[in-house]
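Here's the structure, in structure tokens; my notes come after.
Order of the sequence lines sets the chain letters (A, B, ...), proteins ahead of strands, with each chain counted from 1. None of these values were measured; they are calculated from a predicted model. The figures here come from the full heavy-atom set of this structure, side chains too, leaving out hydrogens, waters and symmetry mates.
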2 protein chains.
Amino acid sequence: MVTIRDIAKQAGVSPSTASRALNKNPHISKKTIDRVQTIADQLGYMPDYNAKNLTTGEASAVGVIFPVDGHAVQSNPFYIKVLSGVNDELIKRGYALSVAITKTLDDLQKNVKSMIYQSKIKRFILLYSQPNDPIAKFLRENHLRFVVIGQPTVETDYYVNNNNVEAGAAATRYLLEQSQPEHLAFVHSPENWLFEKERFTGFQNVVSEHNLDYQEFTVDQSNSTTLESQIFEHPQIDGAVATDDINAMNFIDSFKKVYPLKQVEIMGFNNSLPKVLLDRNYRTVDLFPEEMGKKATLLLFSDREDQSIDEKKHLLVGYKIV
Amino acid sequence: MVTIRDIAKQAGVSPSTASRALNKNPHISKKTIDRVQTIADQLGYMPDYNAKNLTTGEASAVGVIFPVDGHAVQSNPFYIKVLSGVNDELIKRGYALSVAITKTLDDLQKNVKSMIYQSKIKRFILLYSQPNDPIAKFLRENHLRFVVIGQPTVETDYYVNNNNVEAGAAATRYLLEQSQPEHLAFVHSPENWLFEKERFTGFQNVVSEHNLDYQEFTVDQSNSTTLESQIFEHPQIDGAVATDDINAMNFIDSFKKVYPLKQVEIMGFNNSLPKVLLDRNYRTVDLFPEEMGKKATLLLFSDREDQSIDEKKHLLVGYKIV
DNA sequence: CTGTTAGCGCTTTCAG
DNA sequence: CTGAAAGCGCTAACAG
């Protein structure tokens, strides 16, 4: 194992100078920085994180926190794509990726506390956003830096998001152009997350521009009959926007059960289904989760790297109908 | 921050004794172990991993390695479920979860080397298995402990797997019971992974028992016309077993394009699709990925915890047709 | 601009 | 069975 002392010796400087040089401390002459760096590269020096973290009190790692889950949410491929985008950026920065994923909120809290107190992680990415979330509260109270994926419930939080209002409007407009539905459905989850409400706003805007009527539907994943009876009460529906691919699939399925012979055009969000299912009369909005992961990481380090981003405290990612 | 010295002081022992007590060192009297432990609990002591790792030279973390990917593989919900199962077990052991997920093999190698040399991680879970995989080779050469999810290509590796031959047979049998197809298809990926070959063996066994004929099909995700022309040459196909839900969906889709009016019953693997898609004439085999994650972790620590498992070097997980 | 020194919190000889 | 002391590899005052 090659340590900083080996490098110092080779370069003919003290360990502290070597350390400073490797960290590009501005008080060190460019000449020695270059020399030390060259030697470090030659020797294939890789700093020991544990030693580094012990002295600085801050881990060279970022914590990524998954939502706790009743089976369906967590396993959305969306999250892995975010994770992949995050790690791309972390590798560049010499940071490791630590993950908290649990089945109960209680375990999640323990997991996050361990990250903070035992691993000394100071930077987090929160893959979800919920009002009165104790995890976010805890991070805030302890002055830890974190970025929310999605619309935060506390306006001072850092976040990366899509423009959901606009995306909701675009999806609705696309639907209207493709077929000419006259009685629309808006399909969302029982939780009615913030992002769903925003997409709904976009939907409403376009619908009212066109003087169309619409109906709201709630997908209860555990009980499809409630959705079917809702659909049964609205036989005129001929087009739908769903807040998510899964909700869209559930709606289609129930719709076909109630009206086996009717066609309904539908839009979803997330592009989370196998490509082959996207054919024909199903379109979805890709929200570029990898890009979200990358930008979240950018934002997470903006205090050190880009003050101009840091002031805004948020970044937006585009969307694309596919 | 409460350190081991605080505990030692309270307990009226030296820091070294406190350390030994907390690690249940057998040379320490039960009395002091209990006393020290009680005080530690009272004070809410959480050991600093960085300090611990620095002295022991081994991280309190496990590295989980994702396959590199052409978009489709990584984002399979299967992996998150494994991750979740792994973390359940890690929490119990006071271990952290570190993840390597990259787009190129080159980056993955760097990522894993960083885990080893910088984070001092000594235990890994490999979420895939490939012949001549440089990552597995590297882990082996450096005598690092790792468990493969799936069938390893080197027989001395530790692994967790399903009985794929049996599951392939069961799926085929189920298909034969449900409908009475006479001309079967077996659908797999161009890579033809080990687990696909095993499921194929099970499939063949049942098919030959029943004196049926079959045809192999390869799904090329980037070019559906090749699959369609394969299907076109075999108009008699009336049932299929696919090695994976995605392959199954692709096959169904191509089949419907070629023969819009024909029915085909099909079985897939992985239970990776939204529940609502499982209806009617599509069944899939759930392979309990969470359970695989848990068992992989068990195996990863079997050297310390369960010698009887350690000798077998592998564990199997069940399956269920859903 | 650079070197000396101390110390982060833990474990681990070595000694008793 | 327990204590004293050293040290893991790094960074951060402090001093020059």
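Checked against D:dC10, D:dA13, C:dG9, the side chain of A:Arg20 finds its nearest nucleotide in D:dA13. Listed nucleotides: C:dT2, D:dC10, D:dG3. Nearest to the side chain of A:Ala51: D:dC10. Checking C:dT12, C:dT11, C:dG3 against every side-chain atom of A:Ser16, the shortest atom distance belongs to C:dG3. Closest to the side chain of A:Leu54, out of C:dT11, D:dG9, C:dG3, is D:dG9.
B:His27 has its NE2 atom 15 Å from the C1' atom of C:dA15, to the nearest Å. Straight-line distance from the CG atom of B:Asp48 to the P atom of C:dT11: 10 Å, rounded to whole Å. Regarding A:Arg5, its CZ atom lies at a distance of 11 Å from the C1' atom of C:dT4, rounded to whole Å. Distance CD (A:Glu58) to P (C:dC8): 18 Å, rounded to an integer number of Å. Distance CD1 (B:Ile4) to P (D:dG3): 13 Å, rounded to an integer number of Å. Regarding B:Leu22, its CG atom lies at a distance of 15 Å from the C1' atom of C:dT12, rounded to whole Å. Spacing between atom CE of B:Met1 and atom C1' of C:dG7 amounts to 14 Å, rounded to whole angstrom units. Spacing between atom CD1 of B:Ile28 and atom P of C:dT12 amounts to 13 Å, rounded to whole angstrom units.
Taking 4.0 angstrom as the limit, A:Ser19 places none of its side-chain polar atoms (N or O) nearer than this to OP1 or OP2 of D:dC10. One finds a side-chain N or O of B:Ser14 lying less than 4.0 angstrom from the OP1 or OP2 phosphate oxygen of D:dG3. Proximity of B:Thr32 to the phosphate of D:dT2: a side-chain N or O atom is located under 4.0 Å from OP1 or OP2. The shortest distance between the side-chain N/O atoms of A:Ser29 and the OP1/OP2 oxygens of C:dC1 is not below 4.0 Å. For B:Thr17, a side-chain nitrogen or oxygen approaches OP1 or OP2 of D:dG3 to under 4.0 Å.
Judged by distance alone, the side chains of A:Ser29 and A:Arg35 never bring a donor and an acceptor atom under 3.5 Å apart.
For residues 126-144 of chain B, every residue pair satisfying the salt bridge (Lys or Arg N to Asp or Glu O under 4.0 Å) rule, not counting sequence neighbours, is listed here: B:Lys137-B:Glu141, B:Arg140-B:Asp157.
In this structure the side chain of B:Leu54 reaches within 4.5 angstrom of the side chain of A:Asp48, judged on heavy atoms. Side-chain contact check for B:Ile91 versus A:Lys110: every heavy-atom pair is 4.5 Å or farther apart. Using a 4.5 Å heavy-atom cutoff, the side chains of B:Ile116 and B:Leu139 are in contact.
Remark: nothing in residues 111-118 of chain B comes within less than 4.0 Å of DNA chain D through any heavy atom.
For the pair A:Ile33 and B:Asn50, both in contact range of DNA chain C, the more 5′-proximal nearest nucleotide belongs to A:Ile33.
A:Pro47 and B:Gln118 get closest at one heavy-atom pair: O-OE1, 2.8 Å. Heavy atoms only, all atoms of each residue included: A:Thr32 and A:Ile28 are closest at OG1-CG2, 3.1 Å. For A:Ala100 against A:Met115, the heavy-atom pair with the smallest separation is N-CE, 3.6 Å.
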Go through the steps to decide whether A:Tyr117 and A:Asn142 satisfy the test side-chain contact (heavy atoms from CB on, under 4.5 Å), and finish with yes or no.
-> CA-CA 11 Å; A:Tyr117 297 126; A:Asn142 290 281; 4.1 Å; yes
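Contacts of A:Thr56 with the nucleic acid, taken as non-hydrogen atoms under 4.0 Å apart, involve only primed sugar atoms and P, OP1 or OP2. Across all strands, A:Asn23 comes closer than 4.0 Å only to sugar-phosphate atoms, never to a base (heavy-atom distances). B:Tyr45 comes within 4.0 angstrom of the backbone, heavy atoms only, and of no base.
For B:Asn132, the CG atom is loosely surrounded, since the number of other residues' heavy atoms within 6.0 Å does not exceed 12.
End-to-end axis angle of the helix from C:dC1-D:dG16 to C:dG16-D:dC1, using five pairs per end and rounding to 10°, comes to 30°.
Partner of A:Val68 under the side-chain contact (heavy atoms from CB on, under 4.5 Å) criterion, out of A:Leu108, A:Ile135, A:Ile101: A:Leu108 alone.
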